[in-house]
Amino acid sequence: MKRSLKAALLSGLVFPVIGQFVLKCRLRAAVLIVLWLAASSIIITGVIQQAQMIVERITRGEISADDSAIMQMISDSTAGTDGSMRNAAVGLLGVCWLVGIIDSYRLGAAQEE
């Protein structure tokens, strides 16, 4: 299997920066992993905060532990600024993944020549 295809498949199917590591482009991999981790932390932090807020409101008795009430609260809270920040972070994850695939293929093709 060609190095370019192997690196692109690894980046696409396993993790976005694996292809750059296989091709020994550590700086590019480091930049992508920092962006990936920053976006992931924004998403995870937002989800944890949202879950804690819902649990607190259920514990205080402000909302029932009913599925529809919880879903309504989730949809209401994702409409605000935090929701748009998480959406931007999800977009950044997608861009990192796509850049990882394309860049690793391009780098692999250049190394094959």
Side-chain angles (χ1 to χ4, degrees):
M1 181 181 295
K2 292 182 175 183
R3 288 176 57 97
S4 58
L5 184 58
K6 181 180 176 182
L9 285 174
L10 285 171
S11 288
L13 299 174
V14 178
F15 195 72
V17 299
I18 298 271
Q20 281 78 6
F21 274 114
V22 167
L23 297 172
K24 296 179 178 40
C25 294
R26 309 279 190 236
L27 182 61
R28 289 177 184 207
V31 169
L32 280 174
I33 197 76
V34 166
L35 290 173
W36 178 268
L37 289 173
S40 296
S41 69
I42 290 170
I43 293 168
I44 292 169
T45 302
V47 168
I48 289 171
Q49 287 175 349
Q50 185 177 17
Q52 287 175 337
M53 180 186 67
I54 291 171
V55 168
E56 287 174 10
R57 291 192 66 189
I58 290 172
T59 304
R60 288 185 293 210
E62 294 176 16
I63 62 169
S64 65
D66 182 24
D67 291 345
S68 61
I70 293 171
M71 290 302 293
Q72 180 64 39
M73 198 161 161
I74 290 171
S75 65
D76 290 346
S77 65
T78 57
T81 308
D82 291 340
S84 62
M85 181 69 127
R86 277 191 300 250
N87 288 340
V90 169
L92 180 59
L93 287 179
V95 167
C96 285
W97 211 300
L98 189 60
V99 166
I101 295 168
I102 294 169
D103 187 51
S104 62
Y105 184 81
R106 188 186 60 77
L107 288 170
Q111 287 180 4
E112 289 169 356
E113 291 179 358

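Please read these numbers as outputs of a predicted model, since none were measured by experiment. The basis for the numbers below is simple: all heavy atoms, side chains too, and nothing from hydrogens, waters or symmetry mates.
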Shared hydrophobic cluster for Val90 and Val99 (ILVMFWY, side-chain gaps under 4.5 Å)
yes

For the SG atom of Cys25 and the CZ atom of Arg106, what is their distance to the nearest 0.5 Å?
8.5 Å

Separation between CG (Leu9) and CD1 (Ile18), nearest 0.5 Å, reads 13.0 Å

Using a 4.5 Å cut-off on heavy atoms from C-beta on, say whether the side chain of Leu35 contacts that of Cys96.
yes

Nearest heavy-atom approach of Leu92 to Ala39 is CD2-CB, 3.8 Å

Shared ILVMFWY cluster between Ile48 and Ile54, side chains joined below 4.5 angstrom?
no

Check whether any side-chain heavy atom of Arg28 sits under 4.5 Å from a side-chain heavy atom of Leu107, and report yes or no.
yes

Who are the side-chain contact (heavy atoms from CB on, under 4.5 Å) partners of Ser11, not counting sequence neighbours?
Gln20, Ile101, Ser104

Co-membership, hydrophobic cluster, residues Leu27 and Leu23, 4.5 Å side-chain
no

Contact check, side chains of Val17 and Trp36, non-hydrogen atoms, under 4.5 Å:
no

When clusters are formed by joining ILVMFWY residues with side-chain heavy atoms under 4.5 Å apart, either directly or through shared neighbours, do Phe21 and Val31 land in the same one?
no

Work out which heavy atom in Ala89 is nearest to a heavy atom in Ile43; give both atom names and the distance.
CB-CG1, 3.7 Å

Distance check, rounded to the nearest 0.5 Å: Lys6 atom NZ versus Tyr105 atom OH?
15.5 Å

Considering non-hydrogen atoms only, spot the tightest contact between Glu112 and Arg3 and give its length.
OE2-N, 2.8 Å

With Phe15 as partner, the option from Leu10, Leu32, Ile33 fulfilling side-chain contact (heavy atoms from CB on, under 4.5 Å) is Ile33

How close do Ile42 and Arg86 get, heavy atom to heavy atom, and via which atoms?
O-CG, 4.2 Å

Check for me, please, whether Leu93 and Val14 land in the same ILVMFWY cluster - side-chain distances under 4.5 Å, paths through other members count.
yes

